[in-house]
Amino acid sequence: MIETWLPLLGGLILLVAGGELLVRGSVEAAERLGVSPLVIGLTLVGFGTSMPELVTSVQAGLKGSPGIAYGNVVGSNIANILLIAGVSALICPVVVARSALRRDAAVMLSVAVMFALMAMFVPMGQAVGVGFLALLIGYILFVIRQERNAGATGALHDKSLALAEVDPALSQPHGHRHIAIPFLIALAGLALVIAGGSLLVSGAVALARGFGISETIIGLTIVAVGTSMPELVTSVVAAVKRQGDVAFGNVIGSNIYNILGIGGATALIAPSQVPDEIARFDAPVMVGVSLLLVLFAATGFRIARWEGAVLVAGYAGYFWSIWP
């Protein structure tokens, strides 16, 4: 039992700690190189908080465990909407910015539908991976241009702001220490994330084999929720500080990164087929809960506490329906 759970818990700890160091070092290095805060927030911070999912899915794919790889992507998106957005709304009703709803929520729903359709009919090969990553880069460039010109903010900005609320050191000056130091911090964080991802995947596979549970279910539940801990913490902190719009944008931005970035990188580096059970049930569920979140957000541009309760209850029902 200890040999199964210890790698899981150790992997999660390393993923969270490494992700924080990676984001902090990357942001400081980019600032020293003169990269604009807008670009830093929409790229480095967004990717940094998604590193646990990215490394875990890629390593699972390379080890021949597509159930964990794509279960992590789909399960994280479901958990982000039902669990994280739901808990955030229970703490404080989530106010929804019109820009985040009209642009970013529409993109989230569109890429969820695209992934679900492709999971049923198309193998996740390198061409698909390149296409997903190209879409993500195009989306980020579009957002940067739009926010520079119009001054409006959206989900990716809120994802960055949510992390800054949890880790104020990201937005504080770092003195005049040598520029090599932030690069070393980022590299140390990356090493911890890679080690943590390897431990987490090994522990998840051992857990599935030890209890006779499919790797897909482990990926959809334990791995997905574990790698979504940065999103959970940042959204809850935003909700506690009465910044519900930030919590909403954090969830939307994370889901877009998960499908296009993590799904794309996994398909590019470790091509495989999405398991049938995910393609037939969990991917459509992801589309359904994405639509539900958009509908809740569109009614009065807020997610009320009772709607948050519905979302959390929905996650409990989803968990119960797939757990053997």
Side-chain angles (χ1 to χ4, degrees), residues 1-26 46-80 83-84 124 163 166-167 184-234 254 257-258 261-272 274-275 278 319 322-324:
M1 183 68 69
I2 294 178
E3 293 178 355
T4 300
W5 286 102
L6 192 59
L8 272 173
L9 296 176
L12 287 173
I13 291 171
L14 289 178
L15 281 171
V16 173
E20 180 179 352
L21 288 176
L22 178 61
V23 171
R24 186 173 297 182
S26 300
F47 278 115
T49 54
S50 294
M51 280 303 292
E53 288 99 334
L54 175 60
V55 171
T56 302
S57 286
V58 169
Q59 292 203 12
L62 290 173
K63 292 182 178 181
S65 299
I68 295 177
Y70 289 104
N72 182 34
V73 172
V74 174
S76 291
N77 277 24
I78 294 172
N80 283 346
L83 182 62
I84 296 175
M124 291 295 168
L163 183 63
V166 175
D167 190 359
L184 291 175
I185 293 174
L187 286 174
L190 181 60
L192 289 179
V193 169
I194 292 173
S198 180
L199 280 175
L200 181 63
V201 172
S202 298
V205 172
L207 182 66
R209 291 174 179 171
F211 288 88
I213 303 170
S214 75
E215 293 180 2
T216 298
I217 292 177
I218 297 297
L220 286 163
T221 54
I222 295 175
V223 174
V225 173
T227 57
S228 294
M229 287 305 295
E231 283 79 13
L232 176 61
V233 172
T234 52
S254 296
Y257 271 113
N258 283 348
I262 297 165
T266 302
L268 178 63
I269 298 172
S272 62
V274 176
I278 293 178
F319 196 99
I322 65 172
W323 194 261

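- Using a 4.5 Å heavy-atom cutoff, the side chains of Val73 and Glu53 are not in contact.
- Across every non-hydrogen atom of Gly197 and Leu15, the tightest pair is N-CD2, 3.6 Å.
- Between Gly203 and Pro7, the shortest heavy-atom contact is CA-CB, 4.0 Å.
- Among Ile262, Thr227, Val193, the single residue meeting the side-chain contact (heavy atoms from CB on, under 4.5 Å) criterion with Leu54 is Ile262.
- The two residues Gly61 and Ala69 have their closest heavy-atom pair at N-CB, 3.9 Å.
- Qualifying side-chain hydrogen bond (donor to acceptor under 3.5 Å, both in side chains) partners for Gln59, counting only residues two or more places apart in sequence or in other chains: none.
- Applying the side-chain contact (heavy atoms from CB on, under 4.5 Å) criterion to Leu207, with sequence neighbours excluded, gives Thr4, Trp5, Leu8, Phe211, Ile218, Ile222.
- The side chain to side chain donor-acceptor pair (under 3.5 Å) analysis of residues 184-200, with sequence neighbours excluded, yields the pairs Lys63-Ser198.
- In this structure, Ser254 OG and Ile84 CD1 are separated by 7.5 Å, a value rounded to the nearest 0.5 Å.
- With Leu200 as the fixed residue, the side-chain contact (heavy atoms from CB on, under 4.5 Å) test singles out one of Ile13, Leu14, Leu12, Val205: Leu12.
- For Ser272, the side-chain contact (heavy atoms from CB on, under 4.5 Å) test picks out Pro66, Tyr70, with sequence neighbours left out.
- Distance check, rounded to the nearest 0.5 Å: CG of Leu220 to CG of Asn77 gives 11.0 Å.
- A heavy-atom distance below 4.5 Å is found between the side chains of Asn80 and Asn258.
- Nearest heavy-atom pair across Val74 and Ile278 is CG2-CG2, 3.9 Å.
- In terms of the side-chain hydrogen bond (donor to acceptor under 3.5 Å, both in side chains) criterion, residue partners of Ser57 (sequence neighbours excluded) are, by chain and number, Asn72.
- Here the shortest heavy-atom pairing between Ala60 and Ile68 reads CB-CG2, 3.7 Å.
- By the side-chain contact (heavy atoms from CB on, under 4.5 Å) test, Leu190 pairs with Leu22, Met51, Ile194, sequence neighbours left out.
- Annotation for Ala79 and Val225: closest pair CB-CG2, 4.3 Å, computed over non-hydrogen atoms.
- Considering only residues two or more places apart in sequence or on other chains, Ile269 meets the side-chain contact (heavy atoms from CB on, under 4.5 Å) condition with Val58, Leu62.
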